[in-house]
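What follows is a set of notes on a single structure, which appears directly below.
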Amino acid sequence: MKFTKPATTYEDQADILFERGLALRGNSADNSREEIILRLRDVGYYRLSGYWYPFMRDGKFTEGVTFAMIWRRYTFDRQLRFHVLDAIERVEIFLRDSLAMELAQQSGPFGCQYPQNVPDMNDNEHAQFLGKCLKDFHRSKELFATHFKHTYGDSHVFPPIWVIVEMLEFGSLVSLYQGSSRVVRDNIASNLEIPSSILLS
């Protein structure tokens, strides 16, 4: 099937919503055509469409649905995502710091280079992990990475664990946690008063 929908202006989009039965309340600024056009300019028709589909039946809005109802749903979702991302960032920062501390205490600053210090990673996973770390380290323009390269690069190709954890993507960070010894995993999880299996999940 060919795509035949024409490009529309924000004004056209507002009118389409009214044609589909969106209630226009004359005295409410939140539901005026002008306000809807402003909101469409801010967020976009396509993004907002996911929030109004639950209010529709057979291509039309159910009776009494206003734009303010749709906008409240959108802003609630945006605020929820903000709080969830904030919580995830806190966990991520905690995990980065805790992993660096525990691994350094257990096996020294460069211990994760050696497979015996990450016993739950197989040899292939460990080799891939080291390769990714080195690639990210050599590519990094972060001040802490460039400082280590300039200061210690003549003696060390591989950076210490506290430099590594700051460069890892979250998935690689989780892999490092998962591959670490049971003692390391349990020590980190115990600081949160949860089992390591729960932290990993």
Side-chain angles (χ1 to χ4, degrees), residues 1-101 132 136 139-145 164-178 185 188-201:
M1 178 184 358
K2 280 193 170 184
F3 185 86
T4 57
K5 291 181 180 178
T8 54
T9 66
Y10 296 115
E11 291 77 10
D12 293 336
Q13 293 167 2
D15 292 337
I16 289 168
L17 294 176
F18 293 129
E19 287 167 16
R20 292 180 178 170
L22 187 69
L24 180 59
R25 302 269 171 85
N27 295 331
S28 174
D30 288 344
N31 294 305
S32 69
R33 184 173 184 271
E34 293 74 22
E35 184 64 21
I36 291 169
I37 291 167
L38 286 175
R39 300 294 192 194
L40 290 169
R41 283 183 196 276
D42 287 345
V43 178
Y45 184 96
Y46 191 72
R47 179 180 294 271
L48 280 175
S49 66
Y51 296 91
W52 64 58
Y53 279 125
F55 294 108
M56 298 184 84
R57 298 288 177 272
D58 300 321
K60 295 281 187 184
F61 286 101
T62 54
E63 190 175 345
V65 173
T66 65
F67 192 82
M69 294 163 67
I70 296 162
W71 189 253
R72 277 195 301 272
R73 184 170 282 201
Y74 167 75
T75 55
F76 171 80
D77 184 55
R78 185 180 60 190
Q79 290 164 359
L80 178 62
R81 275 185 283 121
F82 171 80
H83 289 299
V84 168
L85 289 173
D86 179 59
I88 289 170
E89 182 186 35
R90 291 172 190 233
V91 171
E92 181 180 338
I93 290 169
F94 167 81
L95 188 57
R96 286 183 195 280
D97 181 64
S98 298
L99 258 175
M101 179 65 74
K132 183 162 183 5
D136 290 349
R139 207 170 41 191
S140 178
K141 302 284 188 255
E142 293 283 356
L143 190 59
F144 58 83
I164 291 169
V165 296
E166 290 301 325
M167 296 183 304
L168 291 178
E169 294 174 354
F170 190 69
S172 298
L173 190 69
V174 171
S175 295
L176 180 58
Y177 176 78
Q178 196 170 19
R185 293 196 312 264
I188 293 171
S190 69
N191 288 328
L192 296 172
E193 299 180 0
I194 59 173
S196 60
S197 59
I198 298 296
L199 179 56
L200 186 58
S201 72

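As a basis for the values below, the full set of heavy atoms in this structure was taken, side chains included, without hydrogen atoms, waters or symmetry mates.
Summarising the geometry, atom CG belonging to Leu17 is positioned 10.0 Å from atom CD1 belonging to Ile37; distances are rounded to the nearest 0.5 Å. Distance check, rounded to the nearest 0.5 Å: CG of Asp12 to CG of Asp15 gives 6.5 Å. The CD atom of Gln13 sits 10.0 Å away from the CZ atom of Arg41 when rounded to the nearest 0.5 Å. For the atom pair Leu168 CG and Leu99 CG, the distance stands at 9.0 Å (nearest 0.5 Å). The line from CG of Leu173 to CD1 of Ile164 is 11.5 Å long, rounded to the nearest 0.5 Å. Once rounded to the nearest 0.5 Å, the distance linking CD of Glu34 with CD of Glu11 reads 10.0 Å.
Closest approach of Arg185 to Ser196, counting heavy atoms only: O-CB, 3.8 Å. Between Arg96 and Glu169, the shortest heavy-atom contact is NH2-C, 4.4 Å. Summarising the geometry of Leu40 relative to Ala14, their closest heavy-atom pair is CD1-N, 3.8 Å, with the distance given to 0.1 Å. Met167 approaches Ser140 most closely through the heavy-atom pair SD-CB, 3.9 Å. Between Leu199 and Ala189 the shortest heavy-atom distance is CD2-CA, 4.1 Å.
Heavy-atom contacts from other residues, nucleotides or ligands closer than 6.0 Å to CE of Met56 number more than 12. Counted within 6.0 Å of CZ on Phe76, heavy atoms from surrounding residues, nucleotides or ligands total 12 or fewer; the atom is thus considered open. By the 6.0 Å contact criterion, CG on Leu143 is open, its count of non-hydrogen atoms from other residues, nucleotides or ligands being 12 or less. No more than 12 heavy atoms of other residues, nucleotides or ligands shown are found within 6.0 angstrom of CZ on Arg90.
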Test Arg33 against Phe18 for side-chain contact (heavy atoms from CB on, under 4.5 Å), laying out the working first.
CA-CA 9 Å; Arg33 184 173 184 271; Phe18 293 129; 3.9 Å; yes
**Check against side-chain contact (heavy atoms from CB on, under 4.5 Å), Leu22 and Ile36** = CA-CA 11 Å; Leu22 187 69; Ile36 291 169; 3.9 Å; yes
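Between Arg81 and Asp77, at least one side-chain nitrogen of the basic residue sits less than 4.0 Å from a carboxylate oxygen of the acidic one, meeting the salt-bridge criterion.
When side chains are defined from C-beta on, Thr66 does not count as touching Trp71, because their heavy atoms never get closer than 4.5 Å.
A ring-centre distance under 6.0 Å is found for Trp52 and Tyr45.
Side-chain N or O atoms of Ser98 include none that pairs as donor or acceptor with a backbone N or O of Leu95 at under 3.5 Å.
If you run ring-ring contact (aromatic ring centres under 6.0 Å, His included) between Tyr74 and each of Phe67, Tyr51, Phe55, only Tyr51 comes through.
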